[in-house]
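Just so we're clear, the structure is a prediction, and the values are computed from it rather than from any experiment.
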Amino acid sequence: MGHFLTTVVVVVALLPIWVLAVEASKLREEKTTKSLRFGGDGQFKILQVADMHYADGKMTPCEDVLPSQVAGCSDLNTTAFVKRMIQAEKPDFIVFTGDNIYGFDATDAAKSMDAAFAPAIASNIPWAAVLGNHDQESDLSREGVMKHIVGYKSTLAQVNPSDQDVIDGFGNYNLEVGGVQGTGFENKSVLNLYFLDSGDYSTVPSIPGYGWIKPSQQFWFQQTSANLKKAYMKKPQAQKTSAPGLAYFHIPLPEFASFDSSNSTGVRQEGISSASVNSGFFTTLVEAGDVKAVFTGHDHVNDFCGKLTGINLCYAGGFGYHAYGKAGWDRRARVVAATLEKTSTGGWGAVKSIKTWKRLDDQHLSTINSEVLWTKSSAGVRRKKHIGGP
């Protein structure tokens with residue numbers, strides 16, 4: 001009888017652990033089965049939400065809005081804007097690029113995140129997130145915030161790559177977007193998405209300012225990019241070069257300072273708040289050759305895109321109503337759409353073009369600054385030398 005009671009006690013004691021293990025297993029299974037893929041229309045659309053700065057919901061006031069907008073304006077306006085964008089654009093994927101919550105004003109980080117990501121979770125659209133410099137300023141560390149995010153339904157975010165023992169930051173991972181089902185590209189990643197933790201603030205006493213993407217992260221990116229290129233160039237449907245890639249992180253690279261109104265689309269209304277040192281990640285991107293565009297947030301009243309050495313560097317523009325902004329300058333979101341080429345047999349092939357536009361949170365949800373970022377035909381085309389001519 002004593003042995004039986006001991007067994008019962010042990011089983012009961014272990015039950016909560018077993019339940020948690022089952023739930024974690026279900027979550028892992030859901031994430032592995034919920035892969036990203038181009039649809040039958042040959043398009044894949046991404047909604048970028050930058051700098052929500054969510055805090056305590058309806059108790060949190062709006063910043064930098066017109067006097068007529070102040071009354072009743074709160075985090076709930078940010079929530080409403082996310083819902084509007086999802087309904088209008090019907091994206092295939094949503095990316096939150098940091099400062100998702102504003103830690104200083106968030107009483108409970110977990111509850112703030114629950115509310116901030118609620119529209120994405122309710123939509124059942126796959127989504128991902130990276131950290132900014134304010135997410136950890138409440139009651140959770142950067143690691144704690146990222147671990148909380150990866151526990152949500154429908155998210156494909158990861159704390160860090162499972163195959164990397166040592167990597168700086170939290171929220172470095174990549175996602176593959178497969179070709180259309182039933183085509184020769186269904187088992188290939190035709191669009192590669194990279195997510196990196198650009199840090200918060202410098203931890204080196206002699207270097208002031210914001211954080212940066214460290215050598216360990218760049219090494220991971222180089223390895224991942226090279227492996228994806230090898231896979232893309234193998235049969236079936238062996239390709240001659242890498243699939244195009246897009247990179248998402250919070251703090252802009254120093255190279256964003258290369259642009260003004262003469263060589264970019266959109267506006268630059270404040271300084272480029274990058275790290276005070278250049279860690280060389282832009283050079284790493286150029287060398288890898290697959291990333292066609294980088295998308296960041298951080299500087300809320302900048303929303304421009306400019307191309308440097310074949311790579312588009314793009315701001316999303318400020319989204320959140322508790323984030324600083326400019327009164328009368330609408331909150332906004334960036335959308336990116338990749339389109340596949342038609343094959344000779346009428347099916348869908350590799351990515352043909354990548355375009356972008358922004359939507360404003362005005363009465364009409366206006367579309368502005370639509371532009372093509374990259375086309376397959378313009379990449380690496382060499383003109384044949386005319387034989388016998390000069």
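Within a 6.0 Å sphere centred on NZ of K45, heavy atoms belonging to other residues, nucleotides or ligands number more than 12. K234 NZ: 12 or fewer foreign heavy atoms inside a 6.0 Å radius.
For A88, the side chain to side chain contact (heavy atoms under 4.5 Å, CB included) partners at least two apart in sequence or on another chain are R359, L365. With sequence neighbours excluded, the residues that form a side chain to side chain contact (heavy atoms under 4.5 Å, CB included) with Q239 are F185, Y232, Q237, A350, K376. Listed by chain and residue number, E255, L308 satisfy the side chain to side chain contact (heavy atoms under 4.5 Å, CB included) test with S258 (two or more places apart in sequence, or in another chain).
Ion pairing of D361 with R84 is present here, as a side-chain N (NZ or NE/NH1/NH2) and a carboxylate O approach within less than 4.0 Å. The pair K358-D303 meets the salt-bridge criterion, since a charged nitrogen lies less than 4.0 angstrom from a carboxylate oxygen. Comment: R142 does not engage D135 in a salt bridge, judged by the lack of any side-chain N to carboxylate O separation of less than 4.0 angstrom.
Checking T79, D105, D99, N100 one by one against Y54, the side-chain hydrogen bond (donor to acceptor under 3.5 Å, both in side chains) holds for a single residue, T79. Remark: of the listed residues Y321, Y102, Y324, F319, Y324 is the sole one forming a ring-ring contact (aromatic ring centres under 6.0 Å, His included) with H300. The side-chain contact (heavy atoms from CB on, under 4.5 Å) test with W127 singles out one residue from L47, T155, V49, I86, and that residue is T155.
In this structure, F44 is not a member of the same hydrophobic cluster as V294, with clusters built from ILVMFWY side-chain heavy atoms closer than 4.5 Å.
Using bins of under 30°, 30° to 60° and over 60° for the plane-to-plane angle, the ring pair F304/F256 lands in the tilted bin. By the 30° and 60° cut-offs, the orientation of the rings of F295 relative to Y248 is parallel.
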